[in-house]
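Report on the structure given below.
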Number of protein chains: 2
Amino acid sequence: MQSFTEENYLKIIYHLAEKTNNVQTNAIAEQMQTKPASVTDMIKKLAEKGFVDYIKYQGVTLTDKGKNAAVDIVRKHRLWEVFLVDKLNFKWDEVHDVAEELEHIKSTALIERLDEFLGFPKSDPHGDPIPDKNGRFAKTQFTKLIDLKISDQGTITGVSQHSSAFLKHLEKLGLTLGKQIEINDVTDFDGSVEILVAGKQINISREVAKHILISSNGKN
Amino acid sequence: MQSFTEENYLKIIYHLAEKTNNVQTNAIAEQMQTKPASVTDMIKKLAEKGFVDYIKYQGVTLTDKGKNAAVDIVRKHRLWEVFLVDKLNFKWDEVHDVAEELEHIKSTALIERLDEFLGFPKSDPHGDPIPDKNGRFAKTQFTKLIDLKISDQGTITGVSQHSSAFLKHLEKLGLTLGKQIEINDVTDFDGSVEILVAGKQINISREVAKHILISSNGKN
DNA sequence: TTAAATTTTTAGGTAAATCTAAAAATTATT
DNA sequence: AATAATTTTTAGATTTACCTAAAAATTTAA
């Protein structure tokens with residue numbers, strides 16, 4: 001069994017590995033809010049325990065064992081988020097920090113019963129897929145809103161930014177999961193995007209558009 | 001804010017203080033499954049932080065601050081137990097260890113919403129009272145089954161032992177919370193007790209009878 | 001009321017996760 | 001390809017919660 005801290009490292013390495021193959025020391029340090037020297041120490045320990053493959057100065061990759069451990073934590077995190085939103089009426093911008101703690105509770109029975117209690121949800125309040133108890137989940141194919149062309153349509157099915165500020169902003173704009181949108185125009189000046197949502201036309205910044213994930217359902 | 005370990009010390013001191021005024025180092029060590037020397041270290045730290053009053057060789061008592069912190073943990077523990085039994089269908093003998101972990105999740109919003117979700121329960125699956133958000137709760141007056149006289153009647157409203165083995169045993173005997181019982185006889189030989197429950201007459205050992213709590217409702 | 005037993009504390013050390021400062025390796029730039 | 005910049009690692013400390021062994025205080029028993 002891994003410690004609280006080891007679990008956090010594994011989870012962060014897992015998420016970083018979704019973007020780059022070899023995860024760098026500095027990147028981990030930034031995510032863990034710690035210093036690179038500390039990361040090197042921990043990486044050695046995780047390598048000794050067989051959770052990561054590590055070559056000095058070359059960064060780390062998760063082993064199968066490490067990947068399984070990480071996916072398990074991700075599963076717990078996302079299930080707890082569903083619980084908080086569906087059962088305790090938290091908003092989608094309020095759940096991250098609490099789930100960050102709950103994900104470390106060690107009880108297989110707990111998480112399986114929670115899963116059942118929640119009706120075996122397939123995705124969390126931010127649209128991220130929830131692995132099943134064997135760690136399997138569909139690799140959903142999303143398009144970033146920013147990559148759509150004028151007159152493209154689609155449904156908001158996820159976000160790639162979980163900060164409270166960002167999520168609150170989306171909420172205020174009415175850009176929540178499941179909403180249908182259509183691209184009306186892209187501004188030359190600042191790259192902001194004019195979209196049609198719920199019959200209204202709104203303008204969102206490039207930065208916002210980058211972090212909204214769309215599942216296309218027409219004209220693409 | 002206190003650490004995980006500090007919280008466990010406070011909780012244990014709180015429970016020990018329900019029996020004796022000055023809580024002894026050895027007693028804490030036993031409950032914490034650690035050595036007396038370690039307890040002395042931690043006590044000093046808790047005293048410095050103002051959670052306990054401490055005089056060398058005289059044991060500790062909780063300050064108001066310490067008591068509040070402890071009651072808060074007890075509240076969380078018991079609410080989570082209700083959640084596990086009522087919502088996730090855990091048995092009353094399966095919840096202790098998981099609640100032991102969940103009680104350390106730090107979020108006031110979480111625990112208040114959980115309380116509401118559960119319908120503001122007044123007691124946990126073992127009959128122990130749940131403090132409200134201001135730390136107040138009724139000091140319920142229980143009689144131990146062992147202290148009842150022949151022909152006394154009452155209702156099982158709690159247990160003073162939370163081990164899985166004990167609770168499973170009670171379950172098998174049909175001695176669960178809310179059951180009406182009547183004392184038929186007390187065996188001279190071994191002090192075991194003959195009781196009438198749900199129309200059937202059963203014999204329970206002195207040791208079991210010690211840990212069943214009864215709220216009397218007649219002939220006392 | 002002194003000796004024996006028990007309880008508690010002190011002293012000195014360990015392991016986990018962190019840090020700073022400096023050295024080493026890698027990558028980028030001229 | 002040599003130098004500069006960046007990244008990563010090493011070395012040596014720190015903090016928290018724990019340990020063992022021995023000393024000190026308290027309690028119990030003769």
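Letters go in sequence order (proteins before strands), and every chain restarts at 1.
Between the side chains of A/Trp92 and A/Glu171, a donor-acceptor pair is found at a separation under 3.5 Å. Side-chain N/O atoms of B/Asp124 and B/His77 include no donor and acceptor closer than 3.5 Å. For the residue pair B/His126 / B/Glu81, a side-chain donor-acceptor distance below 3.5 Å is found, with atom types taken as modelled.
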Detail all sub-3.5 Å separations between protein N/O atoms and N/O atoms belonging to nucleotides 18-20 of chain D.
residue: D/dC18; atom: OP2; partner: B/Tyr9; partner atom: OH; Å: 3.4
residue: D/dC18; atom: N4; partner: B/Asp41; partner atom: OD2; Å: 3.0
residue: D/dC19; atom: OP2; partner: B/Thr34; partner atom: OG1; Å: 2.5
residue: D/dC19; atom: OP2; partner: B/Lys35; partner atom: N; Å: 3.0
residue: D/dC19; atom: OP2; partner: B/Ser38; partner atom: OG; Å: 2.5

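Residue contacts shown for A/Phe4 are absent, as no nucleic acid heavy atom lies under 4.0 Å away.
Rounded to an integer number of Å, the gap from CD1 of A/Ile55 to P of C/dT26 is 11 Å. The separation between A/Glu30 atom CD and D/dT7 atom C1' is 14 Å, rounded to whole Å. Between B/Lys49 atom NZ and D/dT16 atom P the separation is 8 Å, expressed in whole Å. Taking atom CD on B/Gln58 and atom C1' on C/dT9, their separation rounds to 13 Å, with Å as the unit. Note: NZ (A/Lys44) to P (C/dA15) measures 17 Å, nearest angstrom.
Close to D/dT7, at under 4.0 Å from its OP1 or OP2, lies no side-chain N or O of A/Lys56. For A/Ser3 and C/dA16, the shortest distance from a side-chain N or O to OP1 or OP2 is not below 4.0 Å. Distances shorter than 4.0 Å separate some side-chain N or O of A/Asn26 from OP1 or OP2 on D/dT8. Contact annotation: B/Tyr57 does not reach the phosphate of C/dT10 (side-chain N/O to OP1 or OP2, under 4.0 Å).
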Check: Under the side chain to side chain contact (heavy atoms under 4.5 Å, CB included) criterion, do A/His162 and A/Asp128 qualify, and how do the steps go?
Finding: CA-CA 11 Å; A/His162 292 183; A/Asp128 294 310; 2.9 Å; yes
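Separation of atoms CG (A/Leu167) and CD (A/Glu94) is listed at 10.5 Å; rounding is to 0.5 Å. One finds the CZ atom of B/Phe120 at 12.0 Å from the CD1 atom of B/Ile130 (value rounded to the nearest 0.5 Å).
Within residues 16-24 of chain A, the residues that place at least one heavy atom under 4.0 Å from DNA chain D are, in residue-number order, A/Gln24.
When side chains are defined from C-beta on, A/Ile13 does not count as touching A/Phe51, because their heavy atoms never get closer than 4.5 Å.
Taking the centre and axis of the six-membered ring of A/Tyr54, the NZ or CZ atom of A/Lys56 falls outside the cone set by 45° and 6.0 Å. B/Lys87 forms no cation-pi arrangement with A/Phe83, by the criterion of a distance under 6.0 Å to the ring centre and an angle within 45° of the ring axis.
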